[in-house]
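Written below as structure tokens is the structure these notes are about.
Because the structure is a prediction, the values reported are computed rather than measured.
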Amino acid sequence: MVYMTITGIVYSLLLSDVEVNTPIPWVNVVLHFTIPTVMVIDWLVDLPRIRVSLRESLIWLAFPLLYLVYSLLRGPIVGWYPHPFLALGTTATRPWRSCRS
């Protein structure tokens, strides 16, 4: 649930206007927006019986944070980033700059 929520937030804020060259364009929207939205709605409608502690939530966030650090360290070495917004210092991370001029 936590990972899908993070996926939906990142997609909505950073990736919804980025072309990712998927063979079937709607698949990207379904995987990164629709399914996370449905999961959050499902969670709100049918709340879990056991409350998740803040500590457990922070532990779940460790994997995405480690992935971010790994991607930022590996990207300059291999010259490729898994997401355009991670390519720090390029117009991919600052789309508003490419629109000005």
Side-chain angles (χ1 to χ4, degrees):
M1 171 64 196
V2 174
Y3 296 142
M4 287 306 294
T5 303
I6 292 169
T7 298
I9 291 169
V10 169
Y11 178 80
S12 296
L13 294 177
L14 300 172
L15 296 173
S16 60
D17 294 330
V18 176
E19 177 59 43
V20 290
N21 297 324
T22 55
I24 307 170
W26 60 265
V27 170
N28 191 38
V29 174
V30 169
L31 288 176
H32 296 101
F33 180 75
T34 307
I35 291 182
T37 303
V38 168
M39 288 191 71
V40 168
I41 291 169
D42 178 62
W43 179 78
L44 291 171
V45 169
D46 186 22
L47 292 172
R49 294 175 196 247
I50 301 171
R51 185 179 174 110
V52 177
S53 71
L54 178 62
R55 182 177 182 273
E56 289 173 318
S57 297
L58 293 175
I59 290 171
W60 287 336
L61 289 175
F63 176 75
L65 290 174
L66 289 172
Y67 177 73
L68 173 65
V69 170
Y70 169 76
S71 297
L72 290 174
L73 292 174
R74 183 178 181 268
I77 295 169
V78 299
W80 178 83
Y81 294 87
H83 304 288
F85 62 87
L86 293 178
L88 301 176
T90 67
T91 57
T93 59
R94 298 168 286 165
W96 59 89
R97 291 242 175 132
S98 61
C99 296
R100 282 195 279 173
S101 302

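The cluster map of Ile, Leu, Val, Met, Phe, Trp and Tyr, joined by side-chain heavy atoms under 4.5 Å apart, puts M4 and V38 in different clusters. Cluster membership for L44 and M39, using ILVMFWY side-chain heavy atoms within less than 4.5 angstrom, is shared.
With sequence neighbours left out, Y11 forms a ring-ring contact (aromatic ring centres under 6.0 Å, His included) with H32. Taking the side chain to side chain contact (heavy atoms under 4.5 Å, CB included) definition, one finds that L58 meets it with L54, L61, sequence neighbours left out. Scanning for side chain to side chain donor-acceptor pair (under 3.5 Å) contacts around Y3 gives an empty result, with sequence neighbours left out. With sequence neighbours excluded, the residues satisfying side chain to side chain contact (heavy atoms under 4.5 Å, CB included) with I9 are T5, L13. Residues satisfying the side chain to side chain contact (heavy atoms under 4.5 Å, CB included) criterion with L47, sequence neighbours excluded, are W43. Evaluation of the side chain to side chain contact (heavy atoms under 4.5 Å, CB included) rule for I59 yields R55 as partners, not counting sequence neighbours.
Hydrophobic cluster membership of I77, counting Ile, Leu, Val, Met, Phe, Trp and Tyr whose side-chain heavy atoms lie under 4.5 Å apart directly or via other members: V78, W80. L73 belongs to a hydrophobic cluster with V69, counting contacts under 4.5 Å between side-chain heavy atoms of Ile, Leu, Val, Met, Phe, Trp and Tyr, direct or through other members.
Taking both residues in full, the closest heavy atoms of P36 and L31 are given as CD-O, 3.6 Å, listed atom of the first, atom of the second, then distance. Heavy-atom minimum distance, L86 versus L72: O-CD2, 3.6 Å. Of all heavy-atom pairs spanning R51 and E56, the tightest one is O-OE1, 4.4 Å. Contact detail for Y81 and G75: the closest heavy-atom pair is CE2-CA, 3.5 Å.
Counting only residues at least two apart or in different chains, side chain to side chain donor-acceptor pair (under 3.5 Å) contacts with residues 63-74 comprise Y70-R74.
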